[in-house]
Amino acid sequence: MDASQAEGCSFSSIPISPQWVYDIFVSFRGSDTRKKFTSHLFAALEDNGFCTFRDNKELERGEFISDGLLKAIESSRISLIVFSKDYARSRWCLDELVKIMDCRETFKQMVVPIFYDVVPSDVRKQTGVLQDAFASHKKPLREEPDDKVERWRAALTKAANLSGRHLLNDGDEAELIKMIIEDVRKVNPTHLNVPDRQVGLDHRVAKLNVLLNVEFNCVGIVAIWGMGGIGKTTIAKRLYNLIQHKFERSGFLENVRETSQPPNGLVELQKKLLLAILKRSHELSNSHEGIDVIKKKAFGRKKVLVVLDDVDNDQQLKALAIDRDSFAPGSRIIITTRDKSSIKILKLVENEIYGPEKLDEDESLELFSWHAFKEDHPPEDHLDLSRQIGHYAGGLPLALEVLGSYFCGKSIPQWESAIAKLQNIPDDDVQEKLNISLKMSFDSLSEHLKKLFLDMACFFVGMSQDFTIKILEGCNISAKDGIWKLADRCLIKYEYSHIVMHDMIRDMGRQIVKQESLEDPGKRSRLWYPDDVLEVLRYGTGTEAVKGLIVNAIDVQVNAKAFEKMNNLWLLHLDYIQQTTGYEHISRRLLWLSWKGFPLECISGNFSMEKLVALDLSCSRRLKKVWNGNMILGKLKFLYLSHCHNLTRTPDFSGLSSLEELLLNDCKSLVEVDESIKCLDKLLVLDMKNCTKLRKLPSGIWMLISLKRLDLSGCSKLGNLAVFKGPLYKLQCLFFSSWTLPPKAVDSIGLSCNPVQASSCLKELNLDSCHLSYLPKEIGNLISLQTLHLAKNNLHTLPDGICNLTCLKQLWLEENNVSNLPSGIGRLTALEILYLSNNSLCTLPDTIGKLSCLKDLWVGNNKLSHLPSEIGDLDSLEALVLDGNNGFRALPESICKLVRLQTLLLNDCNLSHLPSEFDRLISLAVLDLGHNMSLTIPDSIWHLPCCDVTIPDTLDYCAKLQSLPKRPTFHAVNAVRCPSLESLPLELDQLGWTAEIEFDV
């Protein structure tokens, strides 16, 4: 298995949304544009560093879209659709389009249509050249659903209503591609996480920005130089977020010092930089090749922004080609370092080196107070003590955070005792003060927390917080409470639900472990550094001291006997390691084994696993069966077999009495689930999503009395699913999406439960794309339901019983044929999200105004001609989508009462005017008025905060628009094809340098 495959598999169980593999997916008709426009577009996207999926097959093979293309669409952040004259003649292209629009709804992916020598209205209405194309699609093929053609039409209409780019036969292709690149760059930024409550950060960032001086067209290099813990990385991240959009390419490279460790560190560093800038991986044979590739491909002749964090020697700069001559004019490079000598080769002058100032007395007191007292100032009786600690910390943010967390909740005598110890350190030795602060915080931990902290520092930095807690708790390690206590002490933090540590804190923990045996890594309690791990495994130097070992090394062979003396090993991750014999030597005390890419077709019988709690063999392409016969694993709680594409049947489960999670998703060859699954009376999660060859389920599956989550979505061969025969009273999440659900099954999805039983179970039900034509009235029995997915079915009405779901927070009904909503919908008072786009609604009931918690209301592409005045009663509404309801003429005046409204999409609504008090929408940030041919825009609109927000194509195709009103500031205005536009306001001369104005009249 190659590295890219390895990286594609993760620990996360049951992902809610896909991990982006590509930046861009391009849907196009090969015979129209492959060798001209699309070829140039691909080249421009890749040249600008966007990771773009490219289907290299020149011809479409067969009538049906491949699984690989469907996966590529799901894995892309943005889809570009190149509509050309023959696009709609291809069933393949139309299937791609349906999938793209599905992903836009489901995962909020960005979609940009490109109209290449076609008129958008023809795409929207399937007229003109598209009418001829659709003549060949009057009937679906034998294996296609009956409503497939209608789905194609709906997708074309939805896509054509989106803001996009247009090129007629006399247009400039090069200019169009340039604009597309700019569009993509604006919607695809990489935003780095910066923690809240960063006292004094803004003015330090401003000083660095002045030194960087991005307005000058030269190559600028600035180093942020200072001791650890002063905030160098935070300052660099904040500035990167602020200015990255001004560059053609950008990349932030973290942990340079750690990554560059021998033997192959410099090459790994080069690979990481190429990935950060070009968004795709590169194989390099040596560092000399890497330098050449970086210069030519990453930097090239592009204006780039590069940040290198934690540089500690000049070899790193040489390996990364950091030299002014390597960059195009306008490029900027930011380097953070603790060692000024490491940047000498750059010959920086005084104003190219920024030394962040330590926090002053007031800033120190404020930051300390936030962590010690959870407010910006200490109580009066702690003021003097707090000032003493602020003085001791020497203005270092990290020391103030750690010390504040350490003193939080302690008594005044405890404060006085600790301060007396701290005052023994000389005032001028700030680094030693920081080290002592960190060590003091560590020493104050209980023995359990010390062990947990060292595990975090060595093994779990970067892992999902929830997953780590779940597995450790399963191993009888009290992790949840412990991790929160470590976070309270500022020894760990969370970024996007993942565990992170400041590098100085992490290094302190790892150094504590190294001190256990400086010369012999086999005598340490934890092994994580690749060189140390491979040395121990190759030479068999491990001892009973080793309790945890983690390594990820593609196709590396190890000595099986290396584990013989590691009798106390409880944690072992050998992802993609090749070991085909000697399993009897692995510790019998093992609790957590992860071996992605397991090298055998079946687990060896002499592998002792009786104490295992977690077994992860996902992404094992060779695995055909898990084990032979009945394996007694009474302690096993987590069994992960996801993406084992050659696994044909599950193992015998009768010996797994404690199993709580079973993941089989994407086991594409799985045809049979063992009848013994009925024995798993503690099973909480069963995921069989996309097991596309699975034809039947054992009847005992409905007797899993503890089951809380069942995912059968994408199991397209389960057409004869038996009705529910058991209680499943604890089931909270049920997924059947993307296959045909027989009527008997519809009637029995827990709906026949009596209300008392149902009230305590199902919270999420997903029936997307199940070809449903009706819902049973008993759905109202599911009174605990919070999320209901019914999108892409053939529903015409909703039963009144649905209004009994008073706990419902999300209702997804897009792409059905619903013509009216029940009048009792106002009883859904907990509802926050209501998706009704692409139905046949002619009106909304007045009672919709009673949905006091509603935040998102999507009713685009229906047949609405008006909104009820009660719409103004939706006090919590933040997003209102009405695009494609072209029977509108005006909005009710009451809409101006929606002071929390942030997004209002009115594209193609045939509006003639806006409400007179439109400027009362003070929170509005996104406004789309495109394709409103007779619209008159009042001056008041420009007084809204949204006037500082780029609104691409907002005024496109406003054929009768004669003038733009006065507006003090513009960020961006696109007024494409407004042939009646006669005048511009004089205020245009007040625009700042950031304004973008495009007129094509």
Side-chain angles (χ1 to χ4, degrees), residues 9-13 447-480 482-483 486 492 498-499 501 506 509-510 512-514 516-517 521-530 532-537 541-553 558 560 562-577 579 583 585-598 603 607-618 633 635-640 658 660-661:
C9 300
S10 70
F11 275 102
S12 62
S13 62
E447 286 303 310
H448 165 68
L449 286 180
K450 285 179 180 178
K451 292 177 182 178
L452 184 62
F453 170 78
L454 295 178
D455 286 338
M456 295 294 119
C458 297
F459 299 140
F460 303 131
V461 172
M463 277 194 183
S464 161
Q465 168 196 344
D466 291 341
F467 178 81
T468 302
I469 289 174
K470 177 173 62 180
I471 302 295
L472 291 179
E473 291 277 350
C475 296
N476 291 321
I477 297 172
S478 181
K480 186 173 184 179
I483 286 177
L486 293 177
I492 64 171
H498 285 68
I499 297 168
M501 274 188 182
R506 180 203 62 210
R510 293 180 174 183
I512 289 171
V513 174
K514 286 184 178 181
E516 295 171 353
S517 177
K523 295 180 179 178
R524 298 172 191 161
S525 60
R526 297 160 180 84
L527 295 173
W528 69 93
Y529 186 58
D532 292 342
V533 173
L534 293 177
E535 176 187 325
V536 169
L537 294 183
T541 58
T543 69
E544 61 184 13
V546 180
K547 295 180 180 178
L549 183 153
I550 286 183
V551 67
N552 184 333
V558 301
F563 297 101
E564 194 170 18
K565 296 180 181 179
M566 290 188 263
N567 298 321
N568 291 316
L569 201 63
W570 71 270
L571 170 67
L572 180 61
H573 290 189
L574 292 174
D575 295 343
Y576 308 105
I577 288 288
Q579 177 184 327
Y583 293 93
H585 299 299
I586 294 179
S587 171
R588 292 177 177 271
R589 291 186 173 92
L590 204 59
L591 301 179
W592 182 358
L593 173 62
S594 174
W595 203 329
K596 296 188 179 75
F598 185 70
I603 293 178
F607 192 170
S608 178
M609 300 189 295
E610 58 266 20
K611 290 194 175 183
L612 268 185
V613 172
L615 176 60
D616 186 353
L617 300 177
S618 56
L633 301 176
K635 296 183 180 295
L636 192 68
K637 295 183 178 182
F638 309 98
L639 178 57
Y640 296 161
S658 298
E660 295 179 3
E661 289 192 11

Pairing residues for Asn568 by the side-chain contact (heavy atoms from CB on, under 4.5 Å) criterion, not counting sequence neighbours
Glu544, Lys547, Arg589
Mind telling me whether Trp595 and Phe607 have parallel, tilted or perpendicular rings, with 30° and 60° as the class edges?
perpendicular
Identify, with sequence neighbours excluded, every residue that meets side-chain hydrogen bond (donor to acceptor under 3.5 Å, both in side chains) alongside Ser525.
Glu516
Excluding sequence neighbours, so at least two apart, what forms side-chain contact (heavy atoms from CB on, under 4.5 Å) with Pro521?
Arg524, Leu527, Asp532, Glu535, Val536
Residues at least two apart in sequence or cross-chain that pass side-chain contact (heavy atoms from CB on, under 4.5 Å) with Glu660, listed by chain then number, are Lys637, Phe638, Leu684
Using the ring of each side chain (for Trp, its six-membered ring), is Tyr640 parallel, tilted or perpendicular to Phe467, with breaks at 30° and 60°?
tilted
For Arg588, which residues count as a salt bridge (Lys or Arg N to Asp or Glu O under 4.0 Å) partner, sequence neighbours excluded?
Glu610
Ile577 and its side-chain contact (heavy atoms from CB on, under 4.5 Å) partner, picked from Val558, Asn552, Val533
Val558
List in chain and number order the residues that pass ring pair (Phe, Tyr, Trp, His ring centres under 6.0 Å) with Phe459, two or more places apart in sequence or in another chain; answer none if no residue qualifies.
none
Got a sec, which residues hit side-chain contact (heavy atoms from CB on, under 4.5 Å) with Leu572, two or more places apart in sequence or on another chain?
Leu549, Phe563, Leu569, Leu574, Ile586, Leu590, Leu593
Sequence-distant partners of Trp528, ring pair (Phe, Tyr, Trp, His ring centres under 6.0 Å), two or more places apart:
none
Could you work out, with salt bridge (Lys or Arg N to Asp or Glu O under 4.0 Å) as the rule, every residue matching Lys450, not counting sequence neighbours?
Glu447
